[in-house]
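When a ligand or atom number is given, it counts from 1 through the structure's own listing order.
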Amino acid sequence: MVEIPQFVLDALTDVEMPRVPSARLPQSEVDIRGHRIPVYRSQAVVLGSGAAGLRAAVELRRRNVDVVVVTQLLYGGTSACSGSDKQTLHTACTGRRGDDYFRLADALSAGGAMDADTAYVEAVGSIEAMSGLQFLGLPLPEDRYGSVLRYQTDHDEAGRATSCGPRTSRLMVKVLAEEAIRLGVPIFRRSVGVKLLTSDDDKGRVTLGLLAIRENGRSDANPLGLAIFLSPAVILATGGPGELYRDSVYPTHCFGSLGLALEAGIELVNLTESQFGVGTRRDEFPWNLSGTYVQAIPYLYSVDERGIEHNFLADYYRTTQELASNIFRKGYQWPFHASRMLNHGSSLVDLAIFVESQAGRTVYMDFNRNPEPVSGDKPFCLDELDQDVRDYLTNNGALQSQPIDRLRCMNPLSIELYKRAKRDITRDPLPFNMNNQHMNGGIAVDMWGQSSLSGCYAVGEVAGTHGVTRPGGAALNAGQVFGLRSAKHISSNAAARSDSATPSYLPEVEAFVDVVAATVGRSGKLAIPDLRREIQARMSDNAGFICRAEDVAQALAEAKDLNRRIATEGIHIPDVRSLARAIQWQQMALTSEAVLLALHHFIAEGGGSRGARALCSREGTQVPMARGGALERFRFVSEQDAHKTMKIVVRMREGGLEVVQKPVRQIDRARASYFERDWVGFLTGDIYRTLE
Ligand SMILES: Cc1cc2nc3c(=O)[nH]c(=O)nc-3n(C[C@H](O)[C@H](O)[C@H](O)COP(=O)(O)OP(=O)(O)OC[C@H]3O[C@@H](n4cnc5c(N)ncnc54)[C@H](O)[C@@H]3O)c2cc1C
């Protein structure tokens with residue numbers, strides 16, 4: 001085995017982030033109800049500084065658009081703070097045999113409910129997205145011929161994934177932040193966007209800018225720390241709603257901005273679709289146990305309250321070979337998928353872990369022991385694995401006798417990583433559980449990333465661009481592609497937009513100040529920690545990957561009631577420092593209702609188990625089998641093909657949430673492009689025009 005120098009491992013694990021200079025001074029101030037609020041003007045505002053937002057900012061600035069970034073935590077969010085054994089970027093495969101954009105688009109949208117134009121632009125755009133990152137210095141691994149090294153990941157039949165190791169997305173943030181700083185993009189840190197400013201013009205509702213609360217912006221004249229960012233283009237790049245679930249592998253303080261978008265009348269889509277899988281708890285070290293962690297085939301066991309150890313997977317799989325091979329397959333079948341519970345597939349591992357956790361047992365992954373045998377069967381043996389598993393380990397030279405040595409051989413960084421979190425997996429077993437990891441749905445956007453509100457774009461996880469299943473790495477790719485495309489779209493129109501007079505934004509700010517100023521310091525009844533507990537417990541217990549169809553209506557009624565109580569009784573905001581957080585929790589309560597409403601609608605329409613959720617019901621037609629027989633408790637409803645062509649849209653109308661269904665957008669694949677005919681559209685900017 002070739003020894004990799006420690007400094008190489010360190011550089012890919014402890015990623016030092018660049019410092020940013022102070023942001024610009026306000027252009028003016030406005031007096032609203034006695035609050036002197038600074039006003040900043042620019043041609044574009046990006047809210048959030050993850051990989052998606054920074055890509056948008058860099059691409060805008062490179063096109064000479066005056067852009068500012070407003071962000072809660074400069075190096076917070078999932079891109080900078082989360083990962084897995086090797087974080088994956090999924091792109092068209094340029095190496096050796098090339099790729100086919102239509103095949104990649106098919107893979108991206110295979111689970112259904114995804115717009116065909118979105119899938120196609122993500123496929124085509126992945127080349128520019130990736131090469132742009134390489135140009136900025138992202139160390140994607142290559143062979144000596146310059147071909148990017150690839151591997152197979154979740155929902156990926158072609159092996160299109162690549163990675164710089166466990167910190168891939170943090171490295172993406174680093175190179176993009178360095179570039180943003182080089183280009184002089186002003187970055188407003190510790191600033192939470194709380195309200196979109198909008199107005200009606202002859203084309204309908206348009207974006208005017210954003211109202212933010214700035215931690216360092218509080219003064220006697222501006223006690224709430226408010227700041228107004230006026231701009232005809234706002235890009236929401238706020239990441240996923242990581243605080244929605246109790247059982248979650250998101251880093252802490254990830255709120256996203258789905259509630260903020262709903263309040264502005266923006267349409268959300270596919271909120272039913274999230275991903276769940278195994279990882280270490282977020283209150284310890286939120287990290288996914290995918291890829292080589294499981295491909296090393298560690299021993300998975302649980303410990304009950306009396307300290308007794310259980311080889312629980314042996315109750316589910318029929319042979320030791322089947323058990324071990326399915327632990328391995330979790331490597332590239334990481335998210336739970338209902339149909340993979342059938343035929344003793346790999347999601348039976350997830351179900352078994354869920355059952356153990358429900359029984360109050362702690363589940364561990366031990367890299368110093370091979371899996372214990374199924375009772376009555378032969379012991380674990382590397383020669384007795386399914387052929388695909390054996391081939392993978394052989395090809396990677398990973399046939400060492402202990403899991404920790406197989407892991408060290410395949411991916412030494414994965415061990416380093418846990419050492420940084422004070423967990424030595426070469427010595428101690430790792431506690432873990434099933435967690436919420438990603439929101440596939442989000443803000444509905446067109447193929448340029450523009451939402452239903454003109455001038456407001458959404459990129460990265462906050463955008464609902466994924467359908468029901470997404471290949472591993474498609475999230476980072478989508479964020480890059482739409483960061484780039486939204487920048488192209490905005491810059492195509494930036495001059496015209498900045499010339500237009502800004503309509504009055506004052507009434508919306510006045511209304512906000514009236515409500516908020518009256519709330520701070522008053523004793524609202526609902527405390528933030530209680531709100532958090534209530535929302536997260538309801539979501540994890542009723543809308544997780546094992547979901548009982550009959551529980552959802554009740555959960556929705558409770559979520560609605562919570563929003564009613566927030567409106568009538570108020571959130572307790574002890575002082576101005578907790579104001580932004582209180583608003584984020586109020587918006588999260590609204591998001592939670594929206595997700596449950598979409599799920600309730602889907603169930604009422606006869607929706608079944610799809611993506612990473614099993615809809616369990618006595619009426620279901622599918623039953624997973626354990627070694628001892630049918631698992632009737634987890635009988636589930638099958639997916640209907642008709643739902644693959646529909647999207648569930650949730651929006652706020654007249655103060656309440658409503659659901660509508662829309663067909664997925666199609667693309668004419670037969671229409672070839674011809675250079676001379678189509679060049680004109682590029683030269684005139686016609687390509688940016690919205691197609692009816
Ligand atoms: C454990 C784990 C492993 C993953 N592995 C992969 C993988 O291998 N491949 C893959 O493609 N995807 C993976 N994902 C998903 C992927 O990491 C995320 O979807 C992606 O990083 C999101 O990037 P983003 O730029 O949209 O948001 P983020 O990186 O979350 O950034 C959001 C930014 O917005 C800011 N913000 C939020 N709300 C506000 C507000 N109201 N005002 C101001 N600022 C705000 C935050 O502070 C942050 O700066 C993984 C996710 C997790 C949790």
Check: Taking non-hydrogen atoms only, is Ser257 closer than 4.0 angstrom to ligand 1 via side chain, backbone, both or neither?
Finding: neither
Notebook entry, point to check: Can you tell me which residue and heavy atom of the protein come closest to atom 15 (C) of ligand 1, and the distance to 0.1 Å?
Noted result: His438 CD2, 3.7 Å
Note to self: Please identify which of these residues, Leu176, Thr91, Val459, meets the side chain to side chain contact (heavy atoms under 4.5 Å, CB included) condition with Gln480.
What the structure shows: Leu176
Next item on the list: Examine the proximity of ligand 1 to Gln584 and report which part, side chain or backbone, both or neither, has a heavy atom under 4.0 Å away.
Entry: side chain
Note to self: Applying side chain to side chain contact (heavy atoms under 4.5 Å, CB included) to Leu89 and Ser163, what does each step give before you reach the verdict?
What the structure shows: CA-CA 6 Å; Leu89 183 64; Ser163 168; over 6 Å; no
Next item on the list: Looking only at protein heavy atoms, identify the closest one to atom 41 (N) of ligand 1 and say how far it is in Å.
Entry: Gly193 O, 3.2 Å
Check: Just distances here: any N/O of Ser49 and N/O of ligand 1 closer than 3.5 Å?
Finding: yes
Next item on the list: Could you list the atoms of ligand 1 found under 4.0 angstrom from a heavy atom of Gly256?
Entry: 38 (N)
Next item on the list: Answer yes or no: does atom CZ of Arg281 have more than 12 heavy-atom neighbours from other residues, nucleotides or ligands under 6.0 Å?
Entry: yes
Next item on the list: Could you go through the salt bridge (charged side-chain N to carboxylate O under 4.0 Å, His left out) check for Arg581 and Glu243 one step at a time?
Entry: CA-CA 12 Å; Arg581 203 31 62 85; Glu243 289 290 345; over 6 Å; no
Check: Any N/O of Gly77 closer than 3.5 Å to an N/O of ligand 1?
Finding: no
Next item on the list: Have a look at Asp350 and tell me which of Lys330, Arg613, Arg329 forms a salt bridge (Lys or Arg N to Asp or Glu O under 4.0 Å) with it.
Entry: Lys330
Checklist line | Contact with ligand 1 for Gly240, non-hydrogen, under 4.0 angstrom | finding: no
Item checked: Step-by-step side-chain hydrogen bond (donor to acceptor under 3.5 Å, both in side chains) determination, Tyr250 to Glu461 -> CA-CA 12 Å; Tyr250 281 86; Glu461 194 173 328; 2.4 Å; yes
Next item on the list: Give the residue and atom name of whichever protein heavy atom lies nearest to atom 17 (O) of ligand 1, and the separation in Å to one decimal.
Entry: Gln87 NE2, 3.7 Å
Checklist line | Gap between atom CG of Asp85 and atom CG of Leu407 - 0.5 Å precision | finding: 8.0 Å
Check: Is it true that Glu178 and Arg19 make a salt bridge, defined as a side-chain N closer than 4.0 Å to a carboxylate O?
Finding: no
Item checked: For Ala237, atoms of ligand 1 separated by under 4.0 Å from a heavy atom -> 32 (C), 33 (C), 34 (O)
Checklist line | Exam field: side chain Thr162 to backbone Arg150, donor-acceptor pair closer than 3.5 Å | finding: no
Check: Nearest 0.5 Å, what's the CG-OG1 distance between Leu196 and Thr207?
Finding: 6.5 Å
Next item on the list: Count the heavy atoms of every other residue, nucleotide or ligand shown that sit under 6.0 Å from CZ of Arg577, and state whether that count exceeds 12.
Entry: no
Notebook entry, point to check: Would you say ligand 1 has an N or O under 3.5 Å from any N or O of Ala52?
Noted result: yes
Next item on the list: Any atoms of ligand 1 less than 4.0 Å from a non-hydrogen atom of Thr71? List them with their elements.
Entry: 35 (C), 43 (C), 44 (N), 47 (O), 49 (O)
Margin query: Heavy-atom pairs closer than 4.0 Å: do any link ligand 1 to the side chain of Val194, the backbone, both, or neither?
Written below: neither
Checklist line | Numbered atoms of ligand 1 (with element) below 4.0 Å of Gly50, judged on heavy atoms | finding: 25 (O), 29 (O), 31 (O), 33 (C), 49 (O)
Checklist line | Numbering as shown, the atoms of ligand 1 that approach Thr88 to under 4.0 Å (heavy-atom distance) | finding: 7 (C), 8 (O), 9 (N), 10 (C), 11 (O)
Item checked: SB check Arg420 Glu416 (cutoff 4.0 Å) -> yes
Item checked: Heavy-atom nearest neighbour in the protein, as seen from atom 39 (C) of ligand 1, with distance rounded to 0.1 Å -> Thr238 CG2, 3.5 Å
Note to self: Taking 4.0 angstrom as the limit and counting only heavy atoms of Ser191, give me the atoms of ligand 1 inside it, by number and element.
What the structure shows: 42 (N), 43 (C)
Item checked: atom 27 (O) of ligand 1 [closest protein heavy-atom partner, distance rounded to 0.1 Å] -> Gly239 CA, 3.2 Å
Note to self: Heavy atom to atom 19 (O) of ligand 1, shortest distance: which of Gln587, Glu461, Arg190 holds it?
What the structure shows: Glu461
Check: Using 4.0 Å as the upper bound for N to carboxylate O, is an ion pair formed by Arg24 and Asp66?
Finding: yes
Notebook entry, point to check: Of all the non-hydrogen atoms in the protein, which one sits nearest to atom 44 (N) of ligand 1, and at what distance?
Noted result: Gln72 N, 2.9 Å
Margin query: Give the atom numbers and elements of ligand 1 that come within less than 4.0 Å of a heavy atom of Gly460.
Written below: 26 (O)
Check: Going by atom types alone, do Glu263 and Gln586 pair a side-chain donor with an acceptor below 3.5 Å?
Finding: yes
Notebook entry, point to check: When you measure from the centre of the six-membered ring of Tyr151, is the NZ or CZ of Lys86 under 6.0 Å away and within 45° of the axis?
Noted result: yes
Check: Is there any N or O on Gly53 that sits under 3.5 Å from an N or O of ligand 1?
Finding: no
Margin query: Quick test: of every protein heavy atom, which one is nearest to atom 1 (C) of ligand 1, and how far off is it to 0.1 Å?
Written below: Gly83 O, 3.3 Å
Next item on the list: Run the numbers for me: atoms of ligand 1, each under 4.0 Å from some heavy atom of Ala474, listed by number.
Entry: 11 (O)
Notebook entry, point to check: atom 29 (O) of ligand 1: which protein heavy atom is closest, and how many Å away?
Noted result: Ser79 OG, 2.5 Å
Notebook entry, point to check: Does at least one non-hydrogen atom of Gly472 fall below 4.0 angstrom from an atom of ligand 1?
Noted result: no
Note to self: Does only the side chain of His90 get under 4.0 Å from ligand 1, or the backbone, or both, or neither? Count heavy atoms.
What the structure shows: neither
Check: Nearest to atom 22 (C) of ligand 1 by heavy atom, Thr78, Ile583, Val249: which?
Finding: Thr78
Next item on the list: Can you measure from CD (Glu593) to CG (Asn563) and round to the nearest 0.5 angstrom?
Entry: 5.0 Å
Next item on the list: Can you figure out which of Ala475, Pro251, Ser82, Ser169 has its heavy atom closest to atom 12 (N) of ligand 1?
Entry: Ala475
Margin query: If the condition is ring pair (Phe, Tyr, Trp, His ring centres under 6.0 Å), which residues does His466 pass it with, not counting sequence neighbours?
Written below: His438
